[in-house]
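Take a look at the structure below.
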Protein chains: 2
Amino acid sequence: MDSLSTTLAALCDPTRRSILARLASGPASVNELAAPFSMSQQSVSKHLAVLEKARLIEQQREGRQNFRTLRPAPFKEVADWVEQYRRFWEDSFDRLDDLLLELKQERSKEKKNVRKARK
Amino acid sequence: MDSLSTTLAALCDPTRRSILARLASGPASVNELAAPFSMSQQSVSKHLAVLEKARLIEQQREGRQNFRTLRPAPFKEVADWVEQYRRFWEDSFDRLDDLLLELKQERSKEKKNVRKARK
DNA sequence: TGAATCCACAACCACATGGTTGTTAATTCG
DNA sequence: CGAATTAACAACCATGTGGTTGTGGATTCA
């Protein structure tokens with residue numbers, strides 16, 4: 001699977017996003033990360049494995065404990081991807097209507113050209 | 001499932017992102033959307049259903065054809081979410097090291113305080 | 001009207017995902 | 001040393017996902 005798909009798949013679980021939010025305030029051990037959730041440590045470790053495969057976090061052993069830290073790159077990848085669509089949500093509703101109308105007119109023009117080309 | 005999770009789950013498939021990219025240049029029918037892929041029309045329709053459940057697209061019937069259009073709101077939701085993490089990827093690597101070092105030091109300060117509190 | 005086109009619905013299948021429990025290795029502490 | 005802590009590994013299970021094929025309804029066109 002491509003990198004962006006892996007990243008988005010890792011991010012689509014609320015437990016994992018919550019873990020990332022915790023890590024945004026600094027590294028944490030597995031137990032610390034698991035504490036807020038009503039699930040087993042093993043389940044949280046599975047989530048951590050998913051986040052690590054997506055390179056959203058990295059490990060750093062210290063004795064018995066295993067600390068996790070954020071890795072920034074995939075976040076930027078997501079931001080860059082969604083940025084392409086900014087014009088859609090930033091235009092006012094009126095301007096969006098204009099945009100869609102414009103696109104629709106281009107569309108029917110193309111259709112006419114196709115018909116013309118067939119004749 | 002919450003709205004953001006549904007959106008990210010819809011976005012984590014490359015076929016669906018490709019469909020959205022096509023729709024960014026204007027509305028399209030199911031056949032038009034299915035054409036670039038080496039999969040059945042029914043599979044593409046399933047992907048469209050996922051995108052529609054996430055409110056990333058909407059339908060508009062015209063005779064036999066069923067056109068799809070982009071809906072901007074969920075894109076903004078994703079952009080707003082990832083924006084929280086901007087400071088992590090925008091800081092230079094040196095500054096990031098500083099940041100992590102800083103967080104780490106805060107952490108060990110907390111630890112010391114905990115030990116102090118126990119005494 | 002009859003044929004062709006567009007597309008949705010349903011059933012089926014292989015595989016991934018998110019949870020569980022049981023266990024064990026490594027490390028720290030008394 | 002022996003006990004407790006931390007966290008990983010493995011097996012298992014229910015459910016969801018992404019594909020398939022078969023089918024049929026609505027619409028258009030000759």
Side-chain angles (χ1 to χ4, degrees), chain A residues 1-2 4-20 22-23 27-54 56-69 107-108 111 114-115 118-119, chain B residues 1-2 4-20 22-23 27-54 56-69 107-108 111 114-115 118-119:
Chain A
M1 196 155 50
D2 64 297
L4 182 55
S5 296
T6 305
T7 303
L8 292 168
L11 294 178
C12 76
D13 183 281
T15 301
R16 289 195 288 265
R17 288 199 307 280
S18 176
I19 289 173
L20 293 175
R22 165 64 188 83
L23 289 176
S29 71
V30 175
N31 273 351
E32 285 170 339
L33 292 172
F37 302 105
S38 59
M39 68 177 73
S40 64
Q41 164 261 313
Q42 290 90 327
S43 294
V44 173
S45 282
K46 276 196 179 182
H47 283 300
L48 294 175
V50 173
L51 290 170
E52 195 175 6
K53 190 173 281 180
L56 283 156
I57 62 173
E58 64 185 356
Q59 300 192 30
Q60 191 179 350
R61 267 250 150 76
E62 277 184 30
R64 280 181 303 189
Q65 295 184 306
N66 201 347
F67 290 91
R68 256 67 172 195
T69 322
R107 208 195 138 67
S108 53
K111 270 189 185 168
V114 169
R115 276 186 226 128
R118 279 190 188 141
K119 288 186 185 174
Chain B
M1 199 156 45
D2 63 296
L4 182 56
S5 296
T6 305
T7 302
L8 292 168
L11 294 178
C12 76
D13 183 282
T15 303
R16 289 194 288 263
R17 288 199 307 281
S18 176
I19 288 173
L20 293 175
R22 165 63 189 82
L23 289 176
S29 71
V30 174
N31 274 352
E32 285 170 340
L33 292 171
F37 303 105
S38 61
M39 69 177 72
S40 64
Q41 164 259 312
Q42 291 90 328
S43 294
V44 173
S45 282
K46 275 197 181 183
H47 284 300
L48 293 176
V50 173
L51 292 170
E52 194 175 5
K53 191 174 280 183
L56 283 156
I57 62 172
E58 63 184 354
Q59 301 194 28
Q60 190 178 350
R61 268 248 149 78
E62 278 185 31
R64 281 183 304 192
Q65 294 186 308
N66 202 346
F67 289 91
R68 257 64 171 196
T69 323
R107 211 194 134 65
S108 55
K111 270 188 186 167
V114 169
R115 278 187 224 124
R118 278 190 188 141
K119 285 185 183 171

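Note that these values count all heavy atoms, side chains included, but never hydrogens, waters or copies made by symmetry. Throughout, protein chains are lettered first and strands after them, A, B, ... in sequence-line order, and every chain is numbered starting at 1.
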Taking protein heavy atoms under 4.0 Å as touching, what does nucleotides 8-20 of chain D look like 5' to 3' if B marks base contact, S marks sugar-phosphate-only contact and - marks none? BB-B------BBB
For every nucleotide of nucleotides 25-30 of chain D, 5' to 3': is a protein heavy atom under 4.0 Å from its base (B), only from its sugar-phosphate (S), or from neither (-)? --BS--
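Remark: side-chain polar atoms of Glu32(B) are paired, donor with acceptor, to backbone N or O of Ser29(B) under 3.5 angstrom. Checked by atom type and distance alone, the side chain of Arg68(A) never pairs as donor or acceptor with a backbone atom of Leu20(A) at under 3.5 Å. A distance-only check finds a donor-acceptor pair linking the side chain of Arg16(A) to the backbone of Ala10(A) [under 3.5 Å].
Distance Leu8(B) CG to dT17(C) C1': 16 Å, rounded to the nearest Å.
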Quick one: do Leu23(A) and Leu33(A) satisfy side-chain contact (heavy atoms from CB on, under 4.5 Å)? Show the steps, please. CA-CA 8 Å; Leu23(A) 289 176; Leu33(A) 292 172; 3.9 Å; yes
Go through it in stages, so that I can follow the logic: the residues are Ser5(B) and Arg17(A), the test is side-chain hydrogen bond (donor to acceptor under 3.5 Å, both in side chains), and I'd like the CA-CA distance, side-chain angles, deciding distance and then a yes or no. CA-CA 9 Å; Ser5(B) 296; Arg17(A) 288 199 307 280; 3.0 Å; yes
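When all heavy atoms are compared, the tightest approach of Thr69(B) to Gln60(B) is OG1-OE1, 4.0 Å. Residues Thr6(B) and Lys53(B) share a closest heavy-atom pair of CG2-O, 4.4 Å.
Under the rule for a side chain to side chain contact (heavy atoms under 4.5 Å, CB included), the partners of Val44(A) that lie at least two apart in sequence or sit in another chain are Ile19(A), Ala34(A), Phe37(A), Met39(A), Leu48(A).
Regarding contacts with the backbone of dA7(D), a side-chain N or O of Asn31(A) is found under 4.0 angstrom from either OP1 or OP2.
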